[in-house]
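In what follows, a structure is listed as structure tokens, so that the remarks can point back to it.
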Amino acid sequence: MIPRKPNYRTLRLLCANGAGMVGFLLAYVVGRDFVLALVAGGVVAAVGYAASSVVVSYAGG
């Protein structure tokens, strides 16, 4: 069997989820608008997913 290199998808999703939750909570506390907080959380989650490459490269050694 050929050994596969892990892709760390779960780690990337956890980073995105954590960033999105923090972004949502901060936007909701500041703006008190639920829809705006959802959008901000989604944007921050997307940025967190893209930036998780740093975490993945650290985890990969």
Side-chain angles (χ1 to χ4, degrees):
M1 236 196 299
I2 300 172
R4 294 186 309 159
K5 183 178 177 185
N7 63 0
Y8 297 103
R9 180 164 174 80
T10 303
L11 183 59
R12 288 183 181 270
L13 291 175
L14 284 172
C15 289
N17 188 23
M21 285 191 293
V22 170
F24 170 79
L25 289 174
L26 285 175
Y28 188 73
V29 166
V30 170
R32 297 285 184 200
D33 184 14
F34 185 74
V35 176
L36 180 64
L38 279 177
V39 171
V43 169
V44 173
V47 171
Y49 185 81
S52 67
S53 60
V54 174
V55 178
V56 168
S57 66
Y58 176 76

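- Atoms OH and OG, from Y8 and S53 in turn, are 13.5 Å apart once rounded to the nearest 0.5 Å.
- Results of the side-chain contact (heavy atoms from CB on, under 4.5 Å) test with F24 over L36, L38, V39 single out L38 as the only residue that passes.
- In this structure, the side chains of V22 and V44 stay at 4.5 Å or more apart for every pair of heavy atoms.
- For the residue pair S52 and C15, the shortest heavy atom distance occurs at CB-CB, 3.8 Å.
- Remark: Y28 pairs with no residue by the ring-ring contact (aromatic ring centres under 6.0 Å, His included) rule, at least two apart or across chains.
- Between A27 and A40 the shortest heavy-atom distance is CB-CB, 3.7 Å.
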